[in-house]
Amino acid sequence: MGSPLSLGPLDDLHTQVTAHLGDAARTWLAQALDEAAARPGARGPIAAWELRLAEAGRRCGTDHADAVRVLILHAAHADTDALTRVYQQGTAAERRAVLHALPHLVPGPDALPLVEDALRTNDTRLVAAAVGPYAARHLDAHNWRHAVLKCLFTGVPVDAVADLHHRAHADAELARMLDDHAAERTAAGRPVPADLHRVLALTASEAAPPATDGSPRLPRGGPEDQES
């Protein structure tokens with residue numbers, strides 16, 4: 001499914017966020033967005049809008065901070081270099097916002113190193129943000145499969161994995177990896193998570209389901225998607 005922060009139109013996100021903010025927070029957000037739009041992609045030691053990312057939790061509350069940061073990043077038209085800088089220098093919360101913003105800001109695979117870095121962590125909220133629409137669109141089959149396994153290892157619900165039904169469908173290699181993981185857990189006397197059985201069921205069908213949004217689907221299981 002993926003997170004609403006990375007799935008829906010940002011105009012809708014803005015409407016939803018501002019409806020839940022108090023007057024002071026709404027005024028601060030409006031100023032932060034105007035500031036970001038006035039200096040999009042600003043370079044230098046640090047852009048003013050980057051400072052607003054750090055303030056978002058205090059100004060708008062932790063429940064809305066992720067969404068507010070995504071809106072600021074979008075208003076600033078942050079490119080891959082700016083997103084990488086924020087990710088590398090920011091807190092875990094700021095890194096999470098960068099990951100949520102990727103499908104809105106980076107059309108190609110240039111920001112995949114950020115996704116791959118997040119998937120190497122054991123921060124479940126980062127992992128969940130990393131397996132959103134950007135990863136579904138750009139991760140190759142090998143790394144996407146390992147991202148699904150990472151969710152199972154760390155307890156991240158597979159509902160966080162964007163486009164799971166289509167990318168897992170008829171993926172024989174993913175099925176093999178899931179079977180191996182289940183066998184290892186059983187041999188160690190550990191329970192097999194219900195999400196594993198859920199994903200395994202998605203790999204069973206022989207024919208890929210039709211696309212429902214008109215977009216092309218990425219290749220999956222089989223020799224055609226093996227790395228050369």
*Non-hydrogen side-chain atoms of Glu94 and Gln89 separated by less than 4.5 Å*: no
*Can we say Glu184 and Arg190 salt-bridge, meaning some charged N sits less than 4.0 Å from an Asp/Glu carboxylate O?*
no
Which side-chain N or O atoms in residues 109-119 pair as donor and acceptor under 3.5 Å with protein atoms at least two apart or in another chain?
{"unit_1": "Asp117", "atom_1": "OD2", "unit_2": "Tyr87", "atom_2": "OH", "d": "2.7"}

_Any non-hydrogen side-chain atom of Val106 less than 4.5 Å from a side-chain atom of Asp79?_
no
*Can you list the residues that meet the ring-ring contact (aromatic ring centres under 6.0 Å, His included) rule with His146, with sequence neighbours excluded?*
His142
*Using 4.0 Å as the upper bound for N to carboxylate O, is an ion pair formed by Arg26 and Asp23?*
yes
*asked:* So which atom in Ala129 and which in Arg96 form the shortest heavy-atom distance, rounded to 0.1 Å?
replied: CB-CG, 3.8 Å
*Ala92 and Asp123: which non-hydrogen atoms are nearest, and at how many Å?*
CB-OD2, 3.8 Å
*Which atom names give the shortest non-hydrogen contact between Ala168 and Trp144, and what distance separates them?*
N-CH2, 3.6 Å
*Any side-chain heavy atom of Leu152 within less than 4.5 Å of one from Leu178?*
yes
*Salt-bridge test for Asp159 and Arg198: reply yes if a basic N is under 4.0 Å from a carboxylate O, no otherwise.*
yes
*In Å and rounded to the nearest 0.5 Å, what is the CZ to CG distance from Arg137 to Asp163?*
9.5 Å
*With a 4.5 Å limit on heavy-atom distance, are the side chains of His181 and Val192 in contact?*
no
*Straight-line distance of Cys60 SG to Asp66 CG, nearest 0.5 Å*: 11.5 Å
*Should we count CZ of Arg185 as having more than 12 external heavy atoms under 6.0 Å?*
yes
*Of all heavy-atom pairs between Ala56 and Val68, which one has the smallest distance, and what is that distance?*
CB-CG1, 3.9 Å
*Does the side chain of Trp28 come within less than 4.5 Å of Leu21's, by heavy atoms?*
no
*Take atom NE2 of His197 as the centre, draw a 6.0 Å sphere, and report whether it contains more than 12 heavy atoms from other residues, nucleotides or ligands.*
yes
*Val131 vs Cys151 side-chain heavy atoms within contact, under 4.5 Å*: yes
*Indicate yes or no: at least one non-hydrogen side-chain atom of Lys150 is less than 4.5 angstrom from one of Val156.*
no
_Holding to salt bridge (charged side-chain N to carboxylate O under 4.0 Å, His left out), I want the full list of residues that pass it with Glu55, two or more places apart in sequence or in another chain._
Arg52, Arg59
*Is the Tyr134 to His100 ring centre distance short of 6.0 Å?*
no
*Separation of Leu202 CG from His166 NE2 (nearest 0.5 Å)*: 10.5 Å
*Run the numbers on Leu105 and Thr80 for side-chain contact (heavy atoms from CB on, under 4.5 Å), then give the verdict.*
CA-CA 8 Å; Leu105 291 170; Thr80 303; over 6 Å; no
*Ion pair present between Asp171 and Arg167, side-chain N to carboxylate O less than 4.0 angstrom?*
no
_Minimum heavy-atom separation for Ala97 and Leu73, please, with both atom names._
O-CD1, 3.9 Å
*Which heavy atom in Asp195 sits nearest to a heavy atom in Val158, and how many Å separate them?*
OD2-N, 3.0 Å
_Asp180/Arg176 under salt bridge (charged side-chain N to carboxylate O under 4.0 Å, His left out): CA gap, chis, key distance, verdict_ = CA-CA 6 Å; Asp180 288 349; Arg176 182 195 66 76; 2.7 Å; yes
*Can you tell if the side chain of Arg145 reaches within under 4.5 Å of the side chain of Leu174, non-hydrogen atoms only?*
yes
*Rounded to the nearest 0.5 Å, how far apart are CG of Leu71 and CG of Leu13?*
4.5 Å
